[in-house]
Amino acid sequence: MSQSVCILGATGSIGESTLKVLQQHPDKYSVFAVTAYSRLEKLVEICKQFHPQVAVVPSTKQDRLAQLFKQHQIDYTEILTDEAGLVAVAEHPQVDIVMAAIVGAAGLLPTLAAVKASKRVLLANKEALVMSGEIMMQAAEQHQALLLPVDSEHNAIFQCLPNGYCQSERTGQPKQGVSRILLTASGGPFLNTSLNDLHDVTPAQACKHPNWSMGQKISVDSATLMNKGLELIEACHLFSISEHFVTVVIHPQSIIHSMVQYVDGSTLAQMGNPDMCTPIAHALAWPQRISTPVDALDLFVHQQLNFQQPDTIKFPALRLARHAMQAGGVAPAILNAANEIAVAAFLQQKIKFTAIPEVVEHTLNDMENAQANSLETILQADQFARNIATQRVDALRLK
């Protein structure tokens, strides 16, 4: 029986990879809804090919999308708008699977809506879990939603853990023979760049990842290692494990996507070519396996795998993220909000690359922490952090 899929963030890199997998299995999956923020022409192409029943865009883009639909004779897709539209498709009774791939805090409410509607949620939006990890995981348990990680690293960890690990008691301690999680990181485009040279890197250089094709925001996060910091926080929530049991390992080849160590001395690794179609297909079909357009790993080509410790002096974002997870409360939400503001400012060439973690640290130090016991508290902290980070960007702004 075919399953109906809603893709939150259909025009981004994760959305495109999801559609590539779905295209290979038209007998198993159909597209019910797609959403986009700005790439309307790309959204129209998707609607022409996959015939979704609903498309969601910002209200400021609604008229333009309606014009494009008319030009292309698309009369089978309803247009909804803004956050209300995102939530409506995420919790729609005809939807079986939700791909949560909206970048940033904007993905929080629709992802939570999908969880509360007991969907199979394919989690590619790490910020939603960073901001509201305990609330999200409690909601998944309460509503019996299946929350499956799509980030290649978390999907790798999921594949290497014992069966039922994520469904067992959440204590923060490793269990079922697990001793440690090894979270791999490519090191980004500036792994071998000196700290002095980082001051003058450009947005184009920061967005040129050596192994992965990603959007601008996540590419910059990878360049600062903040992406790995956010993933560390996400791993702690997904796998109910304290941050001191998670070690970040730099692995430039991005062939081993992450590892799990066990008390008997075993280390299990999930390997594969760096292509998001693999973890997407795994989460779509779990516990079954389906084919993808990704070639099998050729070990005769990839003969050398290297590993090293991260440099948290050159990349302080990783240290800041770990400290935010240790602090708990709304600190991870503050970290995420400040980082979003700082990255946007860097991409607009308002601040230097090395000012990104400085803005984040300033915001964390300037705000009081509080218990993340409600969505309202988290969203309020998010807004306050954005205001403080914006003020800091203005103070550091390049003349």
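Residue numbers start at 1 and run along the sequence shown.
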How about Asp264: does its CG atom have over 12 heavy atoms from other parts shown lying under 6.0 Å from it? yes
Hey, does Ile79 have a side-chain heavy atom less than 4.5 Å from the side chain of Thr77? no
Atom OH of Tyr165 and atom CG of Asn163: how far apart are they, to the nearest 0.5 Å? 13.5 Å
Around Gln67, counting heavy atoms of other residues, nucleotides and ligands shown, do more than 12 lie under 6.0 Å from its CD? yes
What are the two closest non-hydrogen atoms of Cys277 and Ser17, and how far apart are they? SG-O, 3.7 Å
Just do the side chain to side chain contact (heavy atoms under 4.5 Å, CB included) check on Leu230 and Leu335 with the steps written out, would you? CA-CA 9 Å; Leu230 297 176; Leu335 172 99; 3.9 Å; yes
Is there side-chain contact between Ile341 and Ile388, with heavy atoms separated by less than 4.5 Å? no
Sorted by chain and number, sequence neighbours left out, side chain to side chain contact (heavy atoms under 4.5 Å, CB included) with Pro252 holds for Leu191, Ile250, Asn306
Can you tell me how far SG of Cys6 sits from CD1 of Ile97, rounded to the nearest 0.5 angstrom? 11.0 Å
What do the steps show when you test Glu231 against Asn227 for side chain to side chain donor-acceptor pair (under 3.5 Å), and what is the final call? CA-CA 6 Å; Glu231 287 179 3; Asn227 188 52; 3.2 Å; yes
Can any side-chain N or O of Gln348 pair as donor or acceptor with the backbone N or O of Ala345 at less than 3.5 Å? no
Stepwise, does the side chain to side chain contact (heavy atoms under 4.5 Å, CB included) test hold for His92 with Gln53? CA-CA 11 Å; His92 199 285; Gln53 293 188 36; over 6 Å; no
Does the Asn273 side chain pair with the main chain of Asp295, one donor and one acceptor, at a distance under 3.5 Å? yes
Between the main-chain N or O of Thr184 and the side-chain N or O of Ser258, is there a donor-acceptor pair closer than 3.5 Å? yes
How far does CD of Gln270 sit from CD1 of Ile256, to the nearest 0.5 angstrom? 9.5 Å
Would you indicate whether the side-chain heavy atoms of Val5 and Leu122 approach each other to under 4.5 Å? no
Between Leu396 and Val220, is there shared hydrophobic-cluster membership here, with clusters defined by ILVMFWY side-chain heavy atoms closer than 4.5 Å? yes
Show, in sequence, the C-alpha distance, side-chain angles and deciding distance for Val178 and Phe239, and conclude whether the side chain to side chain contact (heavy atoms under 4.5 Å, CB included) test is met. CA-CA 11 Å; Val178 171; Phe239 309 117; over 6 Å; no
Sub-4.5 Å side-chain heavy-atom contact between Thr111 and Leu129: no
Return the set of residues passing ring-ring contact (aromatic ring centres under 6.0 Å, His included) with Phe346 (not counting sequence neighbours), or none when no residue passes. Phe353
Are there more than 12 heavy atoms of other residues, nucleotides or ligands under 6.0 Å from atom CD of Gln71? yes
Without swapping roles, check the side chain of Ser240 against the backbone of Thr171 for a donor-acceptor pair under 3.5 Å. yes
Shared hydrophobic cluster, Leu198 / Ile313 (ILVMFWY, side-chain heavy atoms < 4.5 Å): no
As an exercise, state the distance from CD1 of Ile351 to CD of Glu358, rounded to the nearest 0.5 Å. 8.5 Å
Salt bridge check, Glu361 against Arg392: does any charged N sit closer than 4.0 Å to a carboxylate O? no
Is there a path from Ile135 to Leu238 through hydrophobic residues (I, L, V, M, F, W, Y) whose side chains come within less than 4.5 Å of each other? yes
Does Arg386 pair with Glu340 as a salt bridge, N-O distance under 4.0 Å? yes
Val31 versus His51: any side-chain heavy-atom pair under 4.5 Å? no
So, taking the atom named CG in Asn339 and the one named CE in Met226, what distance separates them when rounded to the nearest 0.5 Å? 4.0 Å
Check: Asp382 side chain, Ala337 main-chain N or O, donor-acceptor pair, under 3.5 Å: no
Answer yes or no: is there an ion pair linking Lys126 with Glu153, defined by an N-O contact shorter than 4.0 Å? no
Heavy-atom closest pair, residues Lys116 and Ala139: CG-CB, 4.4 Å
Work out which heavy atom in Met276 is nearest to a heavy atom in Val150; give both atom names and the distance. CE-O, 3.2 Å
His25 side chain vs Ser291 backbone, donor-acceptor pair below 3.5 Å: yes
State, with a plain yes or no, whether a side-chain heavy atom of Tyr262 is found less than 4.5 Å away from one of Pro162. yes
Check whether any side-chain N or O of Asp311 sits under 3.5 Å from a backbone N or O of Lys314 as a donor-acceptor pair, and report yes or no. yes
Counting N and O atoms only, with roles assigned by atom type, does the side chain of His282 sit under 3.5 Å from a partner on the main chain of Asn155, one being a donor and the other an acceptor? no
Smallest separation among heavy atoms of Asn369 and Gly328, with atom names: ND2-O, 3.0 Å
For Asp221, is there any backbone N or O sitting under 3.5 Å from a side-chain donor or acceptor partner on Thr224? yes
I would like to know whether His323 and Glu243 meet side chain to side chain contact (heavy atoms under 4.5 Å, CB included); could you show each step before the answer? CA-CA 9 Å; His323 288 173; Glu243 58 80 26; over 6 Å; no
Side chains of Met136 and Leu147, heavy atoms from C-beta outward: is any pair under 4.5 Å? yes
At what distance, to the nearest 0.5 angstrom, does CG of Leu108 lie from OG of Ser132? 4.5 Å
Do Val130 and Leu320 sit in one hydrophobic cluster, given that two such residues count as connected whenever their side-chain heavy atoms are within less than 4.5 Å of each other, even indirectly? yes
Taking every non-hydrogen atom, the tightest pair across Phe158 and Pro149: CB-CG, 3.9 Å
Closest heavy-atom pair, His199 versus Thr354, reported as atoms and distance to 0.1 Å, is ND1-OG1, 3.0 Å
Transitive ILVMFWY side-chain link Val103 to Leu123, under 4.5 Å: no
Does Lys61 count as lying over the ring of Tyr37, i.e. NZ or CZ under 6.0 Å from the six-ring centre, within 45 degrees of the axis? yes
Evaluate the side chain to side chain donor-acceptor pair (under 3.5 Å) criterion for residues Thr278 and Asp275: first the C-alpha distance (whole Å), next the side-chain angles of each, then the deciding distance (0.1 Å), finally the verdict. CA-CA 6 Å; Thr278 298; Asp275 191 311; 5.6 Å; no
Do Lys48 and Glu45 meet the salt-bridge criterion of a basic N to acidic O distance under 4.0 Å? no
With a 4.5 Å cut-off on side-chain heavy atoms, are Tyr29 and Ile290 touching? yes
Within the side chain of Ser242, is there an N or O that forms a donor-acceptor pair under 3.5 Å with the backbone of Gly172? yes
